[in-house]
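Because the structure is a prediction, the values reported are computed rather than measured.
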Amino acid sequence: METGDGVPVSSRVSAKIQQLVNTLKRPKRPPLREFFVDDFEELLEVQQPDPNQPKPEGAQMLAMRGEQLGVVTNWPPSLEAALQRWGTISPKAPCLTTMDTNGKPLYILTYGKLWTRSMKVAYNILHKLGTKQEPMVRPGDRVTLVFPNNDPAAFMVAFYGCLLAEVVPVPIEVPLTRKDAGSQQIGFLLGSCGVTVALTSDACHKGLPKSPTGEIPQFKGWPKLLWFVTESKHLSKPPRDWFPHIKDANNDTAYIEYKTCKDGSVLGVTVTRIALLTHCQALTQACGYTEAETIVNVLDFKKDVGLWHGILTSVMNMMHVISIPYSLMKVNPLSWIQKVCQYKAKVACVKSRDMHWALVAHRDQRDINLSSLRMLIVADGANPWSISSCDAFLNVFQSKGLRQEVICPCASSPEALTVAIRRPTDDSNQPPGRGVLSMHGLTYGVIRVDSEEKLSVLTVQDVGLVMPGAIMCSVKPDGIPQLCKTDEIGELCVCAIATGTSYYGLSGMTKNTFEVFPMTSSGGPITEYPFIRTGLLGFIGPGGLVFVIGKMDGLMVVSGRRHNADDIVATALAVEPMKFVYRGRIAVFSVSVLHDERIVIVAEQRPDSTEEDSFQWMSRVLQAIDSIHQVGVYCLALVPANTLPKTPLGGIHLSETKQLFLEGSLHPCNVLMCPHTCVTNLPKPRQKQPEIGPASVMVGNLVSGKRIAQASGRDLGQIEDNDQARKFLFLSEVLQWRAQTTPDHVLYTLLNCRGTIANSLTCVQLHKRAEKIAVMLMERGHLQDGDHVALVYPPGIDLIAAFYGCLYAGCVPITVRPPHPQNIATTLPTVKMIVEVSRSACLMTTQLICKLLRSREAAAAVDVRTWPPVLDTDDLPKKRPAQIYKPSNPETLAYLDFSVSTTGMLAGVKVGKLNCYFPCSHYLIALTLNKLFCTSVLNAVSLAPLLL
């Protein structure tokens, strides 16, 4: 025999090796315990893949590159430089106009005021917090910005003040109460960022929850913060020779934007100064922004599209922003359209909901003219169902001057910033891109064009082209980031400078999201530069148009098929929701049941909706979801109005709602559960095992009279000379010996409900208290050896001392749980029954329980005259006993242990002194700490049980 290299080897050795290999290949006999444990996963019915399911057939996609980011000579080297330019060249140019709840201008912030006030904030942050030697905030530190949604001017001043001071702002929502939904996660983010200072406005500071002393309490999970008001009247004027250090954009962190994940955790996305500037440049080029344009902003100005357009890019181009607060939108949903007409705005930033409510409030107003709009940015264009609001809005307002090419949906994410945006064009004949896709194909991640007449289709609109200077591709959502095929749905990934760079302080999650290298089918990366996962599911269609069909956070995989939460919400809303539930108060999530995800829908029910009407609506929703999505709903629950946890902006807090559902704390008023339609992988029927198992063998041996295996513990061993404690046979003797040899050793520590030490007991203290109790039993109780004493104490040090006091006096203790003060009628008869059955000659307890036994409530349950003599151990005699009782026989009774079953049956166990001692010896040899107090005395081991 020869090896592959032609080297001869011994066939005898090879045969032995082969024998060893064959032996190792034999299946090992499973351990005995595995015969008695069902493998739950093997019992579950395995879902077989559908042989007719659609599969991607196209070629591998190619990464799509956006147009080159143009180089404009007058672009500033940084955003702070742009503010300095406009603040000095055009100080009176309007920068931001805020509105009150009546729709009237409340305040106009000019570029000159923004520049001077931002400098003032920057100076005070760096020089007026802390001391000159130890300032609280240094360049590079993080501070949080806490401003309400109706005060964009104060937020803008504070944000640019941080940029000028080279401090990193972390904008968050205003905490309304100490128990806001998700507030603890926000606090965790602030703590991980090392935030110690919170910038806020005067009005917001006054509106924060206060303690009785007037101080702002520390919110749950938040670090300790210094609240600093940024109004000019509270700030010191910087010296004339002080000037902020303005430098070109670099890789330092500019700001941190918070992001709430699917599980409710909050992450901080860091954006560098060069990414901030490049993003503003890309938006300027894509949107065609020019100086002095007017833009109406309805979005949240603290994050996402509202921040990028209304706070950052607007300053770079010296634009005028009209900010519409959400409080005004609630009163007048048409207010943003009225401001477009009033200011002849060129651009408006809205969400599809704003377009929907404007349609609802529209009453053929004649003074509306939208011809000035050249761009209507739809911020939630990534939601495929926004197309219905866009189409309906165009149909109504096209006669009011609105052009079709003006509507520009965009897609964005906290990690990748703006992913794609539809460009405004002057060609009205070029229709926007849209596709009618089969919902069945989308659940398998495959693109299949269908006819628009069917109900089970999803009509999607494009969100424009890739951003300038960026590269985009789509990769498989699971596993290795492999490029998708042209007819396959994947997660969109972007490679660009104008993106986030990391999750602050989370290197592992950063690597998985911000350092992705898409792979080709051959296994090689498509480029040497990393891509960033956007969290958006979609594809790149003809002409480089980007289509988004959902988000990774809303993805639910049920029986191997993908379903999007937004699709389920849209289907539920299509079933006449206005009569039964609130449109914006629906939550859809999945829970794991039998190793698979199940869909749960929770909605707030209208107060005027009857139970019968609600159930009819719920039944129709289930039928619609089953016919359109071909998936069953595990649970549909309706809760009373305004009971679901809210986000600071008023939406449903999804993770908190899911947690309430899992905890059973949702308290729904109507529930419709259909587990039989969606749980299809039930356990298989049990089958009789063909071979005889170990249990059968054991039973057979027992029946035939054969002796089975037995186990025995180790011997206690001989008493050694150096182990004095084991020379005593009685616990009372051990305690006396411990009090002499280790008097200061702490035997017991009593903790209160807060976990702090309430009391403790050393060896000598327990010995002395036991002596005094023994004297009281003999003199006041006139008891003799062998008399039974009922100890009515709550678990604690008093009970332990009374127990050993009985042993010192030669009495037999019976521990009895005291009656509950709030339920005397049912708990006191049990105490009386134990005292009578045990034939107790005396009852020992505390002064408080003595009063309870003599109270009116107790007298109504048990006659006071039927009790044996009651001794109060709070007032003990001061003299010592003449002698301590020493048992003459180890078999004498040590104590009685009574227990009451749930059916009310009383059972008692007699425990002798020798039987009480030997278990302690066993534990001593096994080096185990016993929680019984007899073991503590024997071993002098300090225990701190939480005695309740």
Indicate yes or no for a side-chain donor-acceptor contact from [X] to the backbone of [Y] under 3.5 Å, with no hydrogens or angles considered.
X	Y	value
N124	K128	no
W222	L190	no
S211	E215	yes
D380	S352	yes
E604	L644	yes
Q84	T88	no
D151	P148	no
T313	W308	yes
T98	Y107	yes
K210	L208	yes

Does atom [atom1] of [X] have more than 12 heavy-atom neighbours, drawn from other residues, nucleotides or ligands, at distances under 6.0 Å?
X	atom1	result
K658	NZ	yes
L226	CG	yes
F188	CZ	no
K120	NZ	yes
K237	NZ	no
K551	NZ	no

Side-chain donor-acceptor pairs of residues 278-300 under 3.5 Å, sequence neighbours excluded:
{"from": "T278", "atom 1": "OG1", "to": "I274", "atom 2": "O", "distance (Å)": "2.6"}
{"from": "H279", "atom 1": "NE2", "to": "T418", "atom 2": "N", "distance (Å)": "3.4"}
{"from": "H279", "atom 1": "NE2", "to": "T418", "atom 2": "OG1", "distance (Å)": "2.9"}
{"from": "T284", "atom 1": "OG1", "to": "C280", "atom 2": "O", "distance (Å)": "2.7"}
{"from": "T284", "atom 1": "OG1", "to": "N317", "atom 2": "ND2", "distance (Å)": "3.0"}
{"from": "Q285", "atom 1": "OE1", "to": "G70", "atom 2": "N", "distance (Å)": "2.7"}
{"from": "Q285", "atom 1": "NE2", "to": "Q68", "atom 2": "O", "distance (Å)": "3.0"}
{"from": "Y289", "atom 1": "OH", "to": "H309", "atom 2": "ND1", "distance (Å)": "2.6"}
{"from": "E293", "atom 1": "OE1", "to": "T290", "atom 2": "N", "distance (Å)": "3.3"}
{"from": "E293", "atom 1": "OE1", "to": "R374", "atom 2": "NH2", "distance (Å)": "3.0"}
{"from": "E293", "atom 1": "OE2", "to": "R374", "atom 2": "NE", "distance (Å)": "2.8"}
{"from": "E293", "atom 1": "OE2", "to": "R374", "atom 2": "NH2", "distance (Å)": "3.3"}
{"from": "N297", "atom 1": "OD1", "to": "L299", "atom 2": "N", "distance (Å)": "3.1"}
{"from": "D300", "atom 1": "OD1", "to": "K302", "atom 2": "N", "distance (Å)": "3.2"}
{"from": "D300", "atom 1": "OD1", "to": "K302", "atom 2": "NZ", "distance (Å)": "3.2"}

Open item on the list: Can you list everything that forms a salt bridge (charged side-chain N to carboxylate O under 4.0 Å, His left out) with K92? Sequence neighbours excluded, please.
Closed with: none
- [ ] Using salt bridge (charged side-chain N to carboxylate O under 4.0 Å, His left out) as the criterion, list what pairs up with E166, not counting sequence neighbours.
- [x]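 By the salt bridge (charged side-chain N to carboxylate O under 4.0 Å, His left out) rule, E166 matches K247.
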TODO: Could you label the plane-to-plane angle of the H127 and Y123 rings as parallel, tilted or perpendicular, counting under 30° as parallel and over 60° as perpendicular?
DONE: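 Parallel.
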Task: Smallest separation among heavy atoms of P325 and M99, with atom names - done: CG-O, 3.6 Å
- [ ] Look up atom CG in L492 and atom CE in M472, then write down how far apart they are to the nearest 0.5 Å.
- [x] 5.5 Å
Task: Euclidean distance, Q184 CD relative to K220 NZ, rounded to 0.5 Å - done: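 Here the interatomic distance stands at 5.0 Å.
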Under 3.5 Å, which donor-acceptor pairs link side chains of residues 493-508 to any protein atom two or more places apart or in another chain?
{"from": "T499", "atom 1": "OG1", "to": "A496", "atom 2": "O", "distance (Å)": "3.4"}
{"from": "T501", "atom 1": "OG1", "to": "T270", "atom 2": "O", "distance (Å)": "3.2"}
{"from": "T501", "atom 1": "OG1", "to": "T270", "atom 2": "OG1", "distance (Å)": "2.8"}
{"from": "S502", "atom 1": "OG", "to": "T270", "atom 2": "OG1", "distance (Å)": "2.8"}
{"from": "Y503", "atom 1": "OH", "to": "E415", "atom 2": "OE2", "distance (Å)": "2.6"}
{"from": "Y504", "atom 1": "OH", "to": "R142", "atom 2": "NE", "distance (Å)": "3.3"}
{"from": "Y504", "atom 1": "OH", "to": "R142", "atom 2": "NH2", "distance (Å)": "2.9"}

Open item on the list: Quick one, I757 with L751, criterion side-chain contact (heavy atoms from CB on, under 4.5 Å). Give me CA distance, side-chain angles, the key distance, then yes/no.
Closed with: CA-CA 5 Å; I757 297 176; L751 304 181; 3.9 Å; yes
- [ ] Can you spot which of L79, V271, L277 makes a side-chain contact (heavy atoms from CB on, under 4.5 Å) with L312?
- [x] L79
Open item on the list: Does any part of the side chain of C95, heavy atoms only, come nearer than 4.5 Å to the side chain of M156, both counted from C-beta?
Closed with: yes
- [ ] Applying ring pair (Phe, Tyr, Trp, His ring centres under 6.0 Å), name anything that partners F301, two or more places apart in sequence or on another chain.
- [x]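 By the ring pair (Phe, Tyr, Trp, His ring centres under 6.0 Å) rule, F301 matches F155.
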Task: For T116, side chain to side chain contact (heavy atoms under 4.5 Å, CB included) partners two or more places apart - done: none
Open item on the list: Could you go through V157 and S232, starting from their C-alpha distance and side-chain angles, then the distance that decides it, and tell me whether this counts as side-chain contact (heavy atoms from CB on, under 4.5 Å)?
Closed with: CA-CA 10 Å; V157 169; S232 291; over 6 Å; no
Task: Ionic contact status for K303 with E257, cut-off 4.0 Å - done: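 Looking at E257 and K303, the cut-off is not met.
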